[in-house]
Amino acid sequence: MQTNKQLELAFDFIQYTGQNVFLTGKAGTGKTTFLKNLKLRSPKRMIVVAPTGVAAINAGGVTIHSFFQLNFGPQIGQPGEDSRQMRFSKEKINIIRSLDLLVIDEISMVRADVLDAIDRVMRRFRNRQKAFGGAQVLMIGDLQQLAPVVKRDEWELLRAEYNTVYFFSSKALRETSYVSIELTQVFRQQDDKFISILNKVRENLLDEAARTELNSRCNPHFKPTDEEGYITLCTHNAQAQRMNEHKLRSLSSGEQTFDARIEGNFPEYSFPTEASLRLKEGAQVMFVKNDPEAEKRFFNGKIGRITSFDEDTVRVQCPGEEDEIEVTSLLWENVKYTIDKDTSEIKEEVEGSFSQIPLKLAWAITIHKSQGLTFDKAIIDAEASFAHGQVYVALSRCRTLDGLVLRTPIAGHSIISDKTVNGFIQEVEANPPGEKELEVAKQAFQREQLGELFRFYREMYLVNQILKTIDENAGSFTQPVINGFREMKSLIQNELIEVAEKFQIQIDQYLKANPDVGKNEKLDERIKKAADYFETKVQAIIVDALDELDLEVDNRALRKQITGRADDLKAEALIKLAAYAVCKEGFSVKEIMEARAHVLIDTASVKRKASKAKEVLSSEHIPHPDLYNHLRAWRYEKSVAEGIPPYMIFAQRSLLELVHYLPVDKASLKLINGMGPKKIEQFGAEIIEEIRGYCEENHIDRGEIPLKENPKKEKKPKVDTKKVSMEMFQSGKTVAEIAKERAYTENTIEGHLAHFVKTGELDVFQFLTKEKLEKMLEYFKNTKERNLTPAREALGNEFSYGDLRIGLSYLESRKD
C-alpha cells in the first residue's frame with residue numbers, strides 16, 4: 001500500500017474518516033491484498049462478510065446470511081424483525097453495537113435487497129436514524145466481474161422496489177454518501193497489449209483489431225500434454241465435472257481417496273475442495289491454498305501433476321520446476337466474531353475447521369470458481385457464457401496472452417454487458433476522489449465525533465420516556481423517584497443542553513479560524529476545559545442520581561420497562577464520561593472511538609440481577625428512611641425464603657403507609673391499605689415487631705392512622721388525556737409546546753387533536769389550508785389505502801404525517 005497512491009488513498013479514507021467507500025478495480029489490481037493488509041494495519045473494530053461461503057473463507061470472514069441471520073429469499077415484504085433476527089445472541093449484538101467498520105467483500109455479487117437487509121439489522125442495534133446504523137462501510141469488488149445471482153421469479157418481486165439487482169440500487173446506500181476509488185495498476189498481467197485487450201472486453205468496447213488479436217489464440221482442436229499444465233475454464237459446473245471425471249478414469253494408475261477431517265461447524269458450501277478427494281498418479285491438480293511455509297512453494301491456483309503419494313502425503317510436479325512439491329493436509333478455519341472479555345476487542349474465534357490435502361482435480365474448473373485465481377496456462381471455453389462479466393473473469397485469470405488458448409472464438413454475443421453497470425462505472429471513473437476530498441472527509445469526521453460529545457438530546461429523550469411511564473403509572477412510584485427524574489430533566493436542560501449549545505457556537509468559531517480539529521491548539525484547550533465541566537455535571541446529574549434512585553416497583557413488566565430505560569440512560573452517560581476522560585489529555589478520534597467501544601461492551605455485558613432494593617436516603621416524602629430500608633430488606637429476605645414475589649408479602653404502597661403511620665398492633669395494621677386478614681395472619685406479627693422495635697429504639701411517638709379507604713367507593717373518573725391536549729391547544733399552545741410540557745411525542749399530540757377533528761370539536765382549517773385539504777381528499781377518495789406512508793410518498797414531503805392524520809380524520813368525520 002505504501003507504493004500505490006490509490007491504495008494509500010483508500011486506506012486513509014478508511015483510517016481517518018467515517019466515509020463509506022466503494023473500492024473497485026480491474027482483475028489483478030490488488031483488492032484482495034488490500035483487504036488482508038487492512039486487517040493487519042487498521043485499529044478500527046471491523047468484521048468482514050462476503051456473499052458466498054468460499055468468498056468468506058478466502059477473505060477471512062463470514063457469510064452475509066449467517067452473520068446477519070437472513071434467509072435466502074428476496075428481502076422485501078418481510079417483517080422488520082423476523083424470528084431468526086429475534087434470536088441474535090448478546091455477543092453478536094455487542095459486536096454490531098461497537099463496530100467501527102463493516103467490510104463487504106465481492107460486493108458485485110450482493111443484491112440490493114440484501115444490502116438493505118444488512119442496513120435494517122445495523123439500524124436495529126445501533127442508530128435507527130442513520131444508514132447502516134452509523135457504522136462505516138467498505139464495499140470491495142468489481143462490477144464488471146460476476147453479478148448477483150437472481151432467479152426470474154425473484155426479480156419479478158424485486159423489480160417493484162429496485163431499478164436494478166445490483167448493490168448500488170440499495171435504498172440505504174442512496175441515503176448516505178460514499179466515495180468510489182478505482183484501482184488501475186494491474187499486478188497480475190505485465191503485458192500492455194494483453195491488458196489493453198482485457199480492458200476493452202471489460203468495458204464491452206472490443207474493436208475488430210483487438211478481437212482479431214484475441215481470436216488468434218483460438219484453437220478448437222488444441223490438446224495439450226499433461227506435462228504442459230493447462231486448465232480449462234468453462235461456464236457450467238456439470239461441464240467441468242464431466243471433464244475431470246473423464247480424465248481421471250482414463251488414467252491407469254491406482255486411485256487413493258483422501259478424507260478431510262471436519263471439526264465443529266464448517267458448512268459444506270464453504271468446502272475449498274472435496275471432502276473425499278480421489279486422486280491418481282498423473283492427475284492434473286490445482287493448489288487451493290497458499291503455502292504457509294516460508295519457502296512459498298505453491299499458491300492458490302498453481303497447476304501441477306501428481307507423481308506419487310502415500311497415506312498422508314502427495315507429491316506434485318509443476319511445469320518448469322525441477323523439484324517436486326511434497327504436500328500434506330492443511331487447515332482451513334471457519335471463524336465467527338466474538339468479544340474478548342479482557343480487552344473488549346472484536347476477535348475472530350474458530351467455529352469449525354476443515355483439514356485436507358490442498359488440491360483439487362484441475363483439468364477443468366468453472367469460471368465462477370476461478371474468480372480470484374491466477375493461471376499461467378488456461379484454455380477458455382466461454383461459448384455458453386450466460387452471465388454478465390463471465391468472459392472477462394475467464395480471460396483475466398491468465399497472466400499472459402501467450403498462455404491463453406480459446407476453445408471457440410470470442411463473439412460479440414459471448415461478452416454479456418449490463419448498460420446500467422457500465423453507466424455506474426463511468427460515473428465512478430469520472431469522479432475520483434483526491435486529497436482535497438480526503439481532507440474534507442477527515443475534518444467532517446472529526447467535527448461529527450466532536451459534536452457527538454456535546455449533544456444531550458438522546459439523554460433528554462430517555463428521561464422524557466421515563467417520566468411518561470411514571471405519569472401513566474403514578475401510583476406505582478415513590479415521590480422521591482418522581483421528583484428525582486423531574487429534577488434530572490430540568491438539570492439536563494439547563495446545565496447540559498443549554499450550556500452545550502453555547503459551547504457549540506464557540507466550537508464553530510474556532511473551526512472557522514482553523515477547520516482541522518486535530519491541529520487546532522486553541523480549540524483543543526477549550527475542549528479540555530469543557531470536558532472537565534461536562535464530566536462533573538454528567539456524573540452528578542445522571543450517573544450519581546440514577547445510583548441513588550430506587551426503581552423497584554411491584555409490577556414486573558413495569559419494573560423491566562423503567563429499569564431498561566434507566567440502564568440505557570446510564571450507558572449514554574458512561575459513554576460520554578469515557579470520552580471526556582480521553583479529551584482531558586487532548587482530542588483524539590481514535591482514542592475516543594476505542595473508549596466508547598469499551599463502554600458499549602462493558603455496559604451491555606452486565607446482567608441485571610435480582611437484588612435487594614437500593615436504600616433510600618433521607619427524604620421529606622419518606623419520614624423514616626432507616627425503617628423503610630429495613631422493611632424492604634426484610635421483605636426481600638422473606639420473599640426468598642417463602643419462594644414468592646416481594647409484593648405478595650406487602651406492596652410498595654403498603655410499605656409507604658407502614659413507615660408513615662407506624663402500626664404496632666394488629667388493629668392498626670388492619671388500617672394499612674393492602675394488609676388483609678390473610679397477610680396479617682402470615683406476616684403481621686413480624687411486621688409489628690420490626691416497627692415496634694424501631695419506635696422504641698428511636699423514642700418515636702406514633703400518629704393516628706386514617707380509616708382505610710372504602711373499597712366500594714367510586715373511583716375518580718380517569719383523566720381524558722386527549723381532552724387535556726385539546727384544551728391546551730385551544731389555550732394557544734402549539735403541538736410542539738404541548739408535547740414538551742406533557743412529555744409526549746408530537747405524533748401522539750397530533751393523534752389526540754385529530755380525534756377532535758373527527759368529532760367536529762376542532763376545525764380542520766386550524767391545521768390545514770384549503771388547498772392542502774383538497775389535495776389530500778382527492779388522494780384518499782381515489783384509493784382504499786389508508787396507510788400514511790404511501791400517502792406521503794404520493795403527495796410529497798410538503799405534507800407531514802401530522803397533516804395526513806388530520807386530513808384522514810376529517811374525511812372519516814364526513815362519512816360519519
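Using a cut-off of 4.0 Å between Lys/Arg side-chain N and Asp/Glu carboxylate O, Arg455 and Glu448 are scored as salt-bridged. A salt bridge links Arg123 to Glu175: one of the charged nitrogens lies within less than 4.0 Å of a carboxylate oxygen. A salt bridge does not link Lys522 to Glu525: none of the charged nitrogens lies less than 4.0 Å from a carboxylate oxygen.
Residues Glu349 and Val335 have side chains not in contact (no heavy-atom distance under 4.5 Å, counting atoms from C-beta outward). Contact annotation: the side chain of Ile181 approaches that of Pro433 to within less than 4.5 Å [non-hydrogen atoms, C-beta and beyond]. A heavy-atom distance below 4.5 Å is not found between the side chains of Leu102 and Phe67. Here the side chains of Met46 and Ile14 are not in contact, with every heavy-atom distance at 4.5 Å or above. The shortest distance between side-chain heavy atoms of Leu395 and Ile197 does not fall below 4.5 Å. Met460 has its side chain within reach of Ile497: a pair of non-hydrogen atoms, C-beta onward, lies under 4.5 Å apart. Residues Phe22 and Phe167 form a side-chain contact, since some pair of their non-hydrogen atoms from C-beta on lies under 4.5 Å apart. Contact of the Leu453 side chain with the Gln449 side chain is not registered, since no non-hydrogen atoms from C-beta on lie closer than 4.5 Å.
Ser169 approaches Ala112 most closely through the heavy-atom pair C-CB, 3.9 Å. Pairing each heavy atom of Leu233 with each of Phe375, the nearest pair is CD2-CE1, 3.8 Å. Trp155 and Asn163 make their closest contact through CH2-O, 3.8 Å (heavy atoms, listed as atom of the first residue, atom of the second, distance). Nearest heavy atoms, Ile380 versus Ala394: CD1-O, 3.7 Å. Heavy-atom minimum distance, Tyr580 versus Ala531: O-CB, 3.7 Å. When all heavy atoms are compared, the tightest approach of Phe456 to Ala500 is CE1-CB, 3.9 Å.
The distance from the SG atom of Cys583 to the CD atom of Glu591 is 9.5 Å, given to the nearest 0.5 Å. Going from atom CD of Glu439 over to atom OH of Tyr16 covers 11.5 Å, rounded to the nearest 0.5 Å. Interatomic distance, Arg447 CZ to Ile507 CD1, rounded to the nearest 0.5 Å: 11.5 Å. The OG1 atom of Thr52 lies 9.0 Å from the CG atom of Asp105; values are rounded to the nearest 0.5 Å. Atom CZ in Arg458 sits 10.0 Å away from atom CD in Gln129 (nearest 0.5 Å). A distance of 9.5 Å separates CZ of Arg111 from OH of Tyr162, quoted to the nearest 0.5 Å.
Annotation: Lys296, atom NZ; neighbour count of heavy atoms from other residues, nucleotides and ligands within 6.0 Å is above 12. Remark: Glu585 CD is loosely packed, at most 12 non-hydrogen atoms of other residues, nucleotides or ligands lying under 6.0 Å away.
Proximity of a side-chain donor or acceptor of Thr63 to a complementary backbone N or O of Pro51 within less than 3.5 Å is not detected. No donor-acceptor distance shorter than 3.5 angstrom exists from the side chain of Asp116 to the backbone of Ser170, with no hydrogens or angles considered. At least one donor-acceptor pair closer than 3.5 Å links the side chain of Asp113 to the backbone N or O of Gln75. A distance-only check finds no donor-acceptor pair linking the side chain of Thr176 to the backbone of Leu173 [under 3.5 Å]. For Gln6 (side chain) and Glu182 (main-chain N/O), a donor-acceptor pair under 3.5 Å exists by modelled atom type. Side-chain atoms of Arg399 do not come within 3.5 Å of backbone N or O of Thr374 as any donor-acceptor pair. A donor-acceptor pair is defined here as one N or O able to donate and one able to accept, closer than 3.5 Å; no such pair exists between the side chain of Lys171 and the backbone of Glu161. In this structure a side-chain-to-backbone donor-acceptor pair under 3.5 Å is missing from Ser42 to Leu38. Checking side-chain atoms of Asp524 against main-chain N and O of Gly586 turns up no donor-acceptor pair under 3.5 Å. Checked by atom type and distance alone, the side chain of Asp142 never pairs as donor or acceptor with a backbone atom of Ser108 at under 3.5 Å.
Residues forming a salt bridge (Lys or Arg N to Asp or Glu O under 4.0 Å) with Lys529 (at least two apart in sequence, or on another chain): none. Residues that satisfy the ring-ring contact (aromatic ring centres under 6.0 Å, His included) test with Phe287, not counting sequence neighbours, are Phe298. With sequence neighbours excluded, no residue forms a ring-ring contact (aromatic ring centres under 6.0 Å, His included) with Tyr510.
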Practice task
Starting from the C-alpha separation in whole Å, work towards a yes-or-no answer on side chain to side chain contact (heavy atoms under 4.5 Å, CB included) for Leu496 and Glu459.
Solution key: CA-CA 10 Å; Leu496 292 179; Glu459 288 83 349; over 6 Å; no
Practice task
Run the numbers on Gln69 and Lys92 for side chain to side chain contact (heavy atoms under 4.5 Å, CB included), then give the verdict.
Solution key: CA-CA 11 Å; Gln69 296 176 199; Lys92 187 174 284 186; 3.3 Å; yes
Exercise for the section: I would like to know whether Glu213 and Leu401 meet side chain to side chain contact (heavy atoms under 4.5 Å, CB included); could you show each step before the answer? Expected result: CA-CA 9 Å; Glu213 182 72 34; Leu401 187 60; 3.9 Å; yes
Exercise for the section: I would like to know whether Phe132 and Leu115 meet side chain to side chain contact (heavy atoms under 4.5 Å, CB included); could you show each step before the answer? Expected result: CA-CA 9 Å; Phe132 303 103; Leu115 195 57; 4.0 Å; yes
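Both tests pass for Lys44 against the ring of Phe445: distance under 6.0 Å to the centre and angle within 45° of the axis.
Judged by distance alone, the side chains of Gln539 and Glu535 never bring a donor and an acceptor atom under 3.5 Å apart.
Annotation: Phe88 is in aromatic contact with Phe125 [ring centroid separation under 6.0 Å].
Residue Val103 is tested with Val137, Ile140, Val21 for a side chain to side chain contact (heavy atoms under 4.5 Å, CB included); the sole match is Ile140.
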